[in-house]
2 protein chains.
Amino acid sequence: MTHIASPDRIANLPAALQDIGWTFAYTKDDRVFRKGETVRAVFLVLDGEVCLSRSGKDGGEIVLHRAGRGDFFAEAALNATRYQCDAIASCSTTLLAFPATTVRALLGSDPAFAREWAALLARQLHASRARLERLALRSAADRVLHYLHTEGSGPRREVTLAGSLKDLAREVGLTHESLYRTLAALEKKGLVRREGRHLSLR
Amino acid sequence: MTHIASPDRIANLPAALQDIGWTFAYTKDDRVFRKGETVRAVFLVLDGEVCLSRSGKDGGEIVLHRAGRGDFFAEAALNATRYQCDAIASCSTTLLAFPATTVRALLGSDPAFAREWAALLARQLHASRARLERLALRSAADRVLHYLHTEGSGPRREVTLAGSLKDLAREVGLTHESLYRTLAALEKKGLVRREGRHLSLR
DNA sequence: CGTCGCATTGATATCGCTCAAATCCGGTGG
DNA sequence: CCACCGGATTTGAGCGATATCAATGCGACG
């Protein structure tokens with residue numbers, strides 16, 4: 001883990017947080033924090049990915065959450081004294097760290113920030129629930145269509161993928177092979193149009 | 001929809017909300033609100049269940065969230081002017097309604113409430129993500145074990161079910177038949193102990 | 001040029017879904 | 001008290017969708 005520098009301005013970041021973040025870089029398998037450690041900060045992923053996992057003593061590891069670019073994680077840590085799980089960088093990753101004490105203080109002293117923080121949590125909750133309902137769908141085609149409906153914009157529900165199709169496959173809970181086949185089938189039926197990483201309904 | 005009376009005191013409800021909630025009763029298929037209506041309130045389910053769904057013009061209905069007893073819903077509506085989906089009671093249901101304007105005002109004026117609201121959202125986010133990771137697991141047994149790990153308490157991760165096993169099946173994204181078989185198999189392997197609606201690991 | 005990862009397609013296996021039927025259990029009404 | 005009913009629970013059989021394993025092409029990158 002390496003401290004780098006003050007970050008550039010981040011879009012959609014509450015104003016009060018703009019200047020108090022510290023940038024850190026991690027390489028694959030670095031630990032951001034471990035279960036049981038005292039909570040020091042909440043984090044925003046600038047680049048890369050962090051896995052939050054809970055490792056049972058029986059050897060089984062359970063991934064609780066994967067935070068990708070633009071995601072906050074450990075927000076709930078604000079209300080706890082110790083982290084409840086492990087956070088591990090799954091590739092080269094850059095994070096913004098916001099000291100928990102500072103954020104807690106801001107919540108109590110800066111009403112505008114408190115509103116923004118609540119709004120941020122509400123957005124994440126909304127997104128999380130949309131993904132939840134998506135994974136509750138049984139058929140691969142339904143999941144892809146639901147993804148376009150919820151994540152796409154405009155009447156055609158257009159989406160331009162940030163990452164690879166493999167990433168999308170994980171997002172919708174399919175193997176990448178199934179996703180390829182499902183996309184091909186939907187395109188053949190004329191339900192979906194695909195041009196490179198641009199997807200839309202028809 | 002019927003207005004009933006002032007509610008009793010609710011556990012775990014932020015103090016500032018204790019006295020501003022209105023109790024309403026709905027019967028099956030009553031609409032709490034529709035997509036496009038002006039946001040008037042956020043809600044807490046006292047009893048019953050409410051389905052939040054988005055109905056596409058193509059006839060397909062997508063359930064975005066089911067809020068059961070103790071769940072808030074439409075929290076994200078605080079940051080919007082209109083509801084983004086329909087809310088329908090799926091059975092006889094009692095709700096507490098908190099006027100959005102009051103809650104927004106409290107967020108700005110009552111730092112203690114803002115912290116509690118943020119904590120409430122963070123808890124819901126945490127729970128939602130746990131369910132997300134659960135549904136991302138492929139095998140039925142893994143989902144059941146994950147459920148016990150995340151929802152259970154104590155070293156044995158004990159859970160006493162509030163509802164039926166059919167309800168649990170929906171929660172973990174399985175048919176009830178699959179759940180029965182999976183539980184039976186886990187019990188035979190000695191991984192899970194089951195006594196009525198009480199489940200625990202071994 | 002070799003390697004690596006993504007994309008794509010094929011063949012096969014498997015797990016969970018669907019349909020079906022029997023039992024159990026609590027509640028309800030006679 | 002008993003008959004009845006509806007819903008939950010449980011088990012069985014078979015199918016189908018998706019995972020898995022495998023092979024190939026392709027582009028990026030050193």
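Sequence lines set the chain letters: A, B, ... in the order given, protein chains first and strands last, and positions in each chain run from 1.
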Practice task
Go through residues 129-144 of chain B and report each residue with a non-hydrogen atom lying under 4.0 Å from DNA chain C, sorted by number.
Solution key: B/Arg138, B/Ser139, B/Ala140
Handout entry: Presence of B/Tyr180 side-chain N/O under 4.0 Å of D/dT10 phosphate oxygens OP1/OP2
Key = no
Problem - Spacing between B/Leu186 atom CG and C/dG16 atom P, to the nearest angstrom - result: 11 Å
Practice task
Using atom NZ of A/Lys166 as one end and atom C1' of C/dC4 as the other, report the distance to the nearest whole Å.
Solution key: 11 Å
Practice task
Taking the side chain as every heavy atom from C-beta outward, state whether B/Leu95 and B/Leu44 have any pair of such atoms under 4.5 Å apart.
Solution key: no
Practice task
Measure the distance from CG on B/Leu183 to C1' on C/dG16 and round it to the nearest whole Å.
Solution key: 15 Å
Handout entry: Between the first and last five pairs of the helix from C/dC1-D/dG30 to C/dG30-D/dC1, the angle of the axes, rounded to 10 degrees
Key = 40°
Handout entry: Short side-chain N/O contact to D/dT18 OP1/OP2 from A/Thr175, under 4.0 Å
Key = no
Practice task
Could you tell me whether the side chain of B/Leu17 reaches within less than 4.5 Å of the side chain of B/Trp117, counting heavy atoms only?
Solution key: yes
Under-3.5 Å N/O pairs linking protein and nucleotides 28-30 of chain D:
none

Practice task
Kindly check if the number of other-residue, nucleotide or ligand heavy atoms within 6.0 Å of NE2 (B/His65) is above 12?
Solution key: yes
Problem - CG-CG distance between B/Leu96 and B/Asp47, expressed to the nearest 0.5 angstrom - result: 12.0 Å
Handout entry: Lys/Arg N to Asp/Glu carboxylate O, B/Lys35 vs B/Asp86, below 4.0 Å
Key = no
Practice task
Could you check how far CG of B/Leu179 sits from P of C/dC15, rounded to whole Å?
Solution key: 17 Å
Exercise for the section: Supply the atom-to-atom distance A/Thr160 OG1 to A/Leu199 CG, rounded to the nearest 0.5 angstrom. Expected result: 8.0 Å
Handout entry: Side chain proximity check, B/Thr93 to B/Leu46, heavy atoms < 4.5 angstrom
Key = no
Fill in the blank from the handout: From CG of A/Leu174 across to P of C/dT8 the rounded distance in Å is 15 Å
Exercise for the section: Quick one: label A/Ser164 by what it contacts on the DNA or RNA (base, sugar-phosphate, nothing), any heavy atom closer than 4.0 Å. Expected result: sugar-phosphate
Completion exercise
In whole angstroms, the gap separating C1' of D/dA8 from CZ of B/Arg170 amounts to 14 Å
Exercise for the section: Using the six-membered ring wherever Trp is involved, compare the ring planes of B/Tyr26 and B/Phe24 and label them parallel, tilted or perpendicular (cut-offs 30° and 60°). Expected result: tilted
For residues 166-173 of chain B, tabulate all N or O donor-acceptor pairs below 3.5 Å that involve a side-chain atom, not counting sequence neighbours.
residue, atom, partner, partner atom, Å
B/Asp167, OD2, B/Ser164, N, 3.2
B/Asp167, OD2, B/Ser164, OG, 3.4
B/Arg170, NH2, B/Glu49, OE2, 3.2

Handout entry: Pair A/Lys189 + A/Glu187: basic N to acidic O under 4.0 Å
Key = no
Fill in the blank from the handout: Within residues 190-202 of chain B, those residues having any heavy atom closer than 4.0 Å to DNA chain C are none
Problem - Pair B/Arg129 + A/Glu75, salt bridge at N-O below 4.0 Å - result: yes
Practice task
Report the residue from A/Arg134, A/His146, A/Arg157, A/Arg131 that forms a side chain to side chain donor-acceptor pair (under 3.5 Å) with A/Glu151.
Solution key: A/Arg134
Handout entry: SG on B/Cys85 to CG on B/Leu64, rounded to 0.5 Å
Key = 5.5 Å
Practice task
Please tell me if the side chains of B/Val50 and B/Phe43 come closer than 4.5 Å, counting only heavy atoms from C-beta onward.
Solution key: no
Just the table, please: protein N/O against nucleotides 19-28 of chain C N/O, every pair under 3.5 Å.
residue, atom, partner, partner atom, Å
C/dC19, N4, B/Glu177, OE2, 3.1

Practice task
I would like to know whether B/Ser139 and B/Leu137 meet side chain to side chain contact (heavy atoms under 4.5 Å, CB included); could you show each step before the answer?
Solution key: CA-CA 6 Å; B/Ser139 102; B/Leu137 299 174; over 6 Å; no
Practice task
Answer yes or no: is there a side-chain heavy-atom contact under 4.5 Å between A/Leu201 and A/Leu191?
Solution key: no
Exercise for the section: Using a 4.0 Å heavy-atom cut-off across all strands, classify A/Gly163 as base, sugar-phosphate, or nothing. Expected result: nothing
Handout entry: Rounded distance in Å - CG (B/Leu165) to P (D/dT11)
Key = 12 Å
